[in-house]
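To start, the structure under review is shown below, and the notes come after it.
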Amino acid sequence: MAKIVSLAKRRGFIFQSSEVYGGFGSCYDFGPLGVEMKNNIKQVWWEEMTKKQENIVGLDAAILMSPRVWQASGHLTAGFADLLVECKSCHKRFRVDELRDSPGTVPQKCPECGGQLTEPRKFNLMMKTLVGPVEEEAATAYLRAETCQGIYVNFENILNSMRLKIPFGVAQIGKAFRNEITPGDFIYRTREFEQMEMQWFCHPKEAKKYFDFWKKERLKWYLNLGIKKENLRIKEVPAKERPHYARQALDLEYKFPFGWREIEGIHNRGDWDLSNHSRFSGKDLRYVDEEKKEKYFPHIIETSGGADRSFLAFLIDVYTEIKGGRAKKASFLFPPSLSLGRTKTTKAAKEIEILLKLDKKIAPIKIAVLPLVRNKPKLVKKTKEVYQILKPHFTCQYDELGSIGRRYRRQDEIGTIFCLTCDFQTLKDNTLTIRERDTMKQERVKISDLTKILEEKLGK
Ligand code: ATP
């Protein structure tokens, strides 16, 4: 993890929030490369859920909602509280479920200092805020702890405005906030995070069938984006560990360096949400099936993933160190025109090279445009022209600093799919080389064909 955290900071993926002030309670900022990569993850998810699947529409609900939403959902009561113990000596708090050796046992000693622990207590995870300038009880609101409640309270609006029929789904990506007791493991568990959720409304009799369907679909999504099969598993959640709203639950878990942990939850929420919102709001949120003459609360299957957790999983999964460097091993792949600069990399080649084999849809930078050397004005001018041609179509980077070998390694380290190099032949015949990240193979192509070729290669 230390290596991932260091790479993330060094190369502009993730910074600690408010770092100049010493940081702020497990909050993180996504840097220039991080925001590209996170946007890509969200984009691929959105396309998968709203474009490729049948009958799923989108929503972007407000973060602040009526506090009554959270009373109805059970989040303000014990249902959304973690059972905690506090050490009487060092006053650190721990989640009981994380300290238990075996189910049912209550931990006795503080894992940090060995001190005596208090009886377990509930601690609510909702973050409070004040809405309006007057500090009074009526103005208390909560930052949403899960994005899906915005979907449930809009169920009728969406149904009527879009003239939908059951079964259908609503997808949403947005920030959620939880006053986590044990945040940590970098961006794995933070107090502010982003969820990618889809709520599938179906007939109660079909809930089990769709639960299985979405389980398979979501697993496929991660695998298709390159997550290694052996690093992904499904954990059925036993009844006593399920969230308060779930009739059936499973966690998609990823094998992080700190252990197997959930990256997405799939839940059968039954009619918990719609029936409670009906009760609390006084509005009948049952679905009317005119054809079958049925009136019922649809059951909800939710797929609830985290943009931050999947970001971390994608990053860790492709992080590869190559001792001694790949360039040396594959020197036969370099055309003679590119041998310049390679001799200078001998020392560097002994170092460890980092390669991020990110999927082409997720990689933050798709193309790097590089002049072979930077002290030849004509070559630099030509390379910048190529960069300008490609910039409107792809996320590109222009880089002229350092030897060509070093620049290739810098790009490999951030997962750039293609490096384009303009050399002296480029000035003669308007061709350049395309170097592919994983194979390091190079091919020479005409600049006039470049956009089309790259579009094909990147599957645009
Ligand atoms: P955990 O107990 O592992 O923190 P959870 O079971 O409370 O998570 P859910 O309520 O099922 O999580 O939330 C769905 C998804 O939202 C999670 O799979 C995760 O990807 C994301 N998520 C939840 N809490 C956090 C958090 N504190 N930080 C980052 N992502 C989170």
Side-chain angles (χ1 to χ4, degrees), residues 14 17 25-30 34 38 41-42 45 49 70 73-75 79-84 94-100 122-127 143-152 171-199 211 214-215 218-219 221-222 227 232-256 258-269 272-273 300-316:
I14 299 167
S17 160
S26 92
C27 292
Y28 292 91
D29 299 336
F30 286 81
K38 198 176 181 200
I41 293 172
K42 291 190 283 183
W45 184 89
M49 300 312 266
W70 304 108
S73 69
H75 283 81
F80 194 60
D82 277 337
L83 213 47
L84 291 188
F94 306 93
R95 275 165 66 158
V96 172
D97 60 353
E98 285 183 355
L99 288 188
R100 273 189 185 129
K122 294 257 176 178
F123 180 84
N124 198 283
L125 302 184
M126 293 290 291
M127 278 209 198
L143 302 184
R144 64 182 177 197
E146 55 182 21
T147 54
C148 55
Q149 293 301 327
I151 297 179
Y152 308 141
Q172 179 170 224
I173 299 176
K175 291 263 182 168
F177 302 82
R178 293 182 192 173
N179 225 338
E180 298 280 5
I181 300 113
T182 51
D185 293 320
F186 197 31
I187 59 166
Y188 177 79
R189 186 177 287 115
T190 50
R191 297 202 165 100
E192 174 182 344
F193 54 96
E194 215 161 356
Q195 289 188 309
M196 309 188 289
E197 294 197 310
M198 194 283 297
Q199 310 296 314
F211 185 83
W214 286 113
K215 167 174 101 178
R218 295 306 303 145
L219 194 64
W221 187 76
Y222 290 100
I227 294 268
L232 211 52
R233 75 175 186 194
I234 290 175
K235 188 185 125 193
E236 300 281 345
V237 183
K240 59 178 182 309
E241 286 176 28
R242 278 178 214 152
H244 61 279
Y245 48 74
R247 294 179 177 209
Q248 216 183 338
L250 61 84
D251 293 343
L252 285 184
E253 291 190 332
Y254 179 75
K255 196 177 178 188
F256 287 99
F258 42 88
W260 286 97
R261 295 282 196 287
E262 168 183 342
I263 50 171
E264 175 156 345
I266 297 174
H267 308 123
N268 174 353
R269 299 179 71 124
W272 167 269
D273 301 278
I300 294 168
I301 306 300
E302 83 166 343
T303 68
S304 177
D308 314 80
R309 282 191 192 175
S310 45
F311 184 110
L312 189 57
F314 284 125
L315 195 61
I316 289 170

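In listed order, ligands and their atoms are each counted from 1. Because the structure is predicted, anything quoted here is derived from the model rather than measured.
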Below 3.5 angstrom, do we get any N/O pair linking [X] and ligand 1?
X: Arg191; answer: no
X: Glu180; answer: yes
X: Glu197; answer: no
X: Gly306; answer: yes

Would a distance-only check, ignoring hydrogens and angles, find a side-chain to backbone donor-acceptor pair under 3.5 Å from [X] to [Y]?
X: Asp308; Y: Glu194; answer: yes
X: Asn124; Y: Met126; answer: yes
X: Arg191; Y: Ser26; answer: no

Proximity winner for atom 7 (O) of ligand 1, if only heavy atoms of Glu194, Arg242, Arg178 are counted:
Arg178
Which one of Asp308, Ile266, Ile263 has a non-hydrogen atom at the shortest distance from atom 20 (O) of ligand 1?
Ile263
Salt bridge (Lys or Arg N to Asp or Glu O under 4.0 Å) partners of Arg269, counting only residues at least two apart:
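Arg269: salt bridge (Lys or Arg N to Asp or Glu O under 4.0 Å) contacts with Glu146, Asp273, Glu302.
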Taking 4.0 angstrom as the limit and counting only heavy atoms of [X], give me the atoms of ligand 1 inside it, by number and element.
X: Gly305; result: 20 (O)
X: Glu264; result: 18 (O)
X: Tyr188; result: 3 (O), 28 (N), 29 (C), 30 (N)
X: Gly265; result: 18 (O)

Residue from Tyr28, Phe258, Tyr254 passing ring-ring contact (aromatic ring centres under 6.0 Å, His included) with Tyr188:
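For Tyr188, the ring-ring contact (aromatic ring centres under 6.0 Å, His included) check succeeds only for Phe258.
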Distance, nearest 0.5 Å, that separates NE2 of His267 from SG of Cys148:
9.5 Å
How long is the gap from CH2 on Trp214 to CG on Asn268, to the nearest 0.5 Å?
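These two atoms lie 14.5 Å from each other.
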Heavy atoms only, cut-off 4.0 Å: how does Arg95 contact ligand 1, side chain, backbone, both, or neither?
side chain
Does His267 approach ligand 1 within less than 4.0 angstrom via side chain, backbone, both or neither, non-hydrogen atoms only?
side chain
Validation row: Glu262, Arg189 side chains within 4.5 angstrom (heavy atoms)
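Contact flag for Glu262/Arg189 side chains = no.
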